[in-house]
Structures are given as C-alpha cells and as structure tokens.
There are 2 protein chains.
Amino acid sequence: MHRDPDPSAACTHAHCDVIDAEAVQSRARSYAASKGTRFTPTRQRVLALLAATGKPIAAYEIAEKLSGSRKVQAVQVYRALEFLQEAGCVHRLASRSAFFACDHRHGEGETVVFMVCSQCGAVQEAASDLVARGLRGAAKTTGFRPRHPMIEVEGECAKCAGESVS
Amino acid sequence: MHRDPDPSAACTHAHCDVIDAEAVQSRARSYAASKGTRFTPTRQRVLALLAATGKPIAAYEIAEKLSGSRKVQAVQVYRALEFLQEAGCVHRLASRSAFFACDHRHGEGETVVFMVCSQCGAVQEAASDLVARGLRGAAKTTGFRPRHPMIEVEGECAKCAGESVS
DNA sequence: GGGTGTAATGTAATGTTATAACGTATGGCG
DNA sequence: CGCCATACGTTATAACATTACATTACACCC
C-alpha cells in the first residue's frame, strides 16, 4: 500500500503505558485555577489512579480501588470524573462506559480518534485531519452542523495482534 | 470553502423521516432465512416500532410502547434488538444508549458516520471513504489493526440549525 | 476573628441500562 | 411422534449513572 498516510495522524500516544502523571496533574491544576475551582484530594486521587492504570476502567472500579477505611461512593467518582473531563485530562469511552487519563494536549477543534484494543483494552489516540475533512464532507451533503465528534475504533493493538499469529 | 466534498459521502439518509418499513422487514426476513432462524412477531413488532419512530429510542421505551395487556419485558426487547442489529436493520447509538432502524444497506467494510441532532434527536448517516482512509492512516502510525469503527457526531441537523437563528 | 457566599463533599436513595439464569413453548424435520 | 434447536416468559440482579439534600471547607471581605 502506498496511500497517503495522513501526516497529521503522526501525533499518537500509547495509553497502555503509564502516562505522564505530572503533566495531567498540572493540567488539572491550571484548569482549576482558570475556573476558580480547586484540584481537590478526591480529584487528585481519581486522576492518579487513572494515570497509573493507563487504560480505561469503570467508575465503580475506581470507587472500589480508592476505598480504604472510608468507602468512596460512585457519585463522588462521577463528580471527580466530570471535573477531570472538563479539564481535558480524562476521556470517557462510550463503547465501554469506561474512563481513562490522557496526557495528550488536544487542540481546539481537533478530531481525535480513539483506538481501543479488544484484547488488552489499551487505548491509543491519534488526531487526524483527514478524518476531520471526511466528517465535514459528510455533514455538508445534508446540511448537518457538526459540533462534537466521537470516534472509537475497536481492533487490536500492534502488541496483541503480534502475539496471536495472524 | 472549495474543499473536496468527498464524493463517497453522497449516500445519506435522513432518519427523522419514517423509514422504509418494507425494506427493513424484508432484510430481517432474509437474514433470518440465511441463518436458519425466524423473524418472529416480537422481532417484527420491535422493528416496526423503530421504523415508525424514525429516530433513536431507548430499549425500555420500546418495551413500554409495546406493552398492552401483556407487559413486554426489557430482556425481550434486548433479545429482539440483538437479532435486528445482526440483521443490519437496527443500529445502537452508543452516545445515547438508544436504538434506531436503518433502511440503508451498508456494504461490507463501509465506514458509516452517524450524525445525531442534539435538538431533535434525528440521525442521519453517511458513508465516507475519506473518513475510512483517515482511520486507516491513523491506525497505521501505531500498528493498530482496526476492526470496527464507531463514529457518532453530535450537532444540529439542517432543519434545527435553520430554526434557531445562528 | 467573624460573617458571607460559593464550591465541594457526605450520604442515602433512586433511576437507567443491560444481562444472567432457568424453565417452558414452539416449530422444523427425520 | 420424538428430537433438537430456537425463541419466549419470568424473575432476579448486575452494571452504570444521577438526584436530592444536608453539611463542610475554603476564599474573600469587613
């Protein structure tokens, strides 16, 4: 194959590896500052867990893992996740109802593709201008005004595809 | 703007209008025949309701609407929906956990974009080769092997965008 | 320091979406 | 008919997410 590899797709990041906790924390902190809100301990703990986990996990799983002597309730986790998603540190995978941390700084209006490995659950992201153009083209034919695209691709990551001989 | 309008995006269908019930029913019927299974009354009723509704609705809403003297349980609806999705007559919108009928015949490996109006909830679909190429390009940079893309764009359909002056 | 207002938390309950388990019925076919 | 696979009925429960409301923590101002 010798097709256009979409140069803008070069900006990718493997979420199977532990992500840059410092980077996401500082992002959350500055978001909080900009909004006059706080990057509280609960929010820190949720983000830290997601960063250390490095792949999508369910909200109730977060609650369970953070529960020590004091039980952390689901609602607290959802509240923290809401903040972290607004801050751009965390994304929700609709296809799995799961959440993951992301140290990738997404530009405004950038079209991001989430690639989810069906074997190991790891997520990779890539920004693709070609996909963005395709979406605009598709919208144009029907007069649809796109606001917020959600693109999740299920498949196998390089590592898992390599292990199970193909 | 004078960008490539992605010619393959021309195949679109507005789901706000009632869809072709005959077409989807015959598709379900032939799928059942090919699998040695049946297009039973429950399945027919679920499909008919979705076709008449013309936009995504929740499984429990289907159950409620189909309930007359006999209450239709959610589990029955989910079973019917599973069959109908396999038959390609119905899609699930992950972003809304809702289901809708589709009389659009999707080719194998076709990349379909669902455009969901945040005002009226109607869904339009478009197949886009440009998007497909973008996804392949994004996958290539990380060695990801794509299997099943899911593309849902939230925005406003032409009708709703026109009403609320922009 | 004390008062005030907003943000955040704690707690309980509930709402919503989806599946498991298991027995019964139905329909095609030898 | 007897068998087998498919589908259904019913009950229960798992999994995901939010509402409501009382309380606490913190920044800001006087």
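Each chain gets a letter, A, B and so on, in the order the sequences are listed, and its residues count up from 1.
Distances shorter than 4.0 Å separate none of the side-chain N or O atoms of A/T37 from OP1 or OP2 on C/dT6. Residue A/Q73 places none of its side-chain N or O atoms closer than 4.0 Å to OP1 or OP2 of C/dA12. Remark: A/T42 is not in phosphate contact with C/dA8, judged by side-chain N or O atoms under 4.0 Å from OP1 or OP2. A close approach under 4.0 Å does occur between a side-chain nitrogen or oxygen of A/T40 and OP1 or OP2 of C/dT9.
For A/R43, whose side chain is taken as the heavy atoms from C-beta onward, the closest listed nucleotide among C/dT9, C/dT17, C/dT19 is C/dT9. Nearest nucleotide to the side chain of A/V75, out of D/dC8, C/dA8, C/dT11: C/dT11. Checked against C/dA7, D/dC16, D/dC8, the side chain of A/A58 finds its nearest nucleotide in D/dC16. Side chain of A/R92, nearest nucleotide from C/dA8, D/dA17, C/dA21: D/dA17. Minimum atom distance to the side chain of B/S97 is reached by C/dT17, of the listed D/dC16, C/dT17, D/dA7. Among the nucleotides D/dA7, C/dT9, C/dA18, the one closest to the side chain of B/F99 is C/dA18. Side-chain proximity of B/Y60 to the nucleotides C/dT17, D/dT6, D/dT10 is greatest for C/dT17.
Checked by atom type and distance alone, the side chain of A/E152 pairs as donor or acceptor with a backbone atom of A/S95 at under 3.5 Å. A/S128 contributes no side-chain N or O that, together with a main-chain N or O of B/A138, makes up a donor-acceptor pair within less than 3.5 Å.
There is no path of hydrophobic side-chain contacts, each under 4.5 Å, that joins A/I62 to A/V75.
Distance A/E82 CD to D/dC16 P: 19 Å, rounded to the nearest Å. The interatomic distance linking B/K71 (NZ) with D/dC8 (C1') rounds to 17 Å, in whole Å. With rounding to whole Å, A/R79 atom CZ is found 8 Å from C/dG10 atom P. The interatomic distance linking A/I57 (CD1) with D/dC16 (P) rounds to 11 Å, in whole Å. One can place CD1 of B/I62 at 14 Å from C1' of C/dT16, the figure rounded to the nearest angstrom. Distance, B/Q76 CD to D/dT10 C1': 9 Å, rounded to whole Å. Put simply, CZ on A/F39 is 16 Å from P on D/dC26, counting in whole angstrom units. Atom CZ of A/R38 and atom C1' of D/dA25 are 6 Å apart (whole Å).
The six-membered or imidazole ring of B/F39 lies away from that of B/Y31, with a centre-to-centre distance of 6.0 Å or more.
Between the side chains of A/Q76 and A/T42, no donor-acceptor pair of N or O atoms lies under 3.5 Å. No side-chain N or O of B/H91 forms a donor-acceptor pair with one of B/H104 less than 3.5 Å apart.
Using a 5.5 Å limit on the distance between ring centres and a 30° limit on the angle between planes, the aromatic ring of A/Y78 does not count as stacked on the six-membered base ring of D/dT18.
Judged by distance alone with a 3.5 Å cut-off, no donor-acceptor contact links the side chain of B/R70 to the base of D/dG9.
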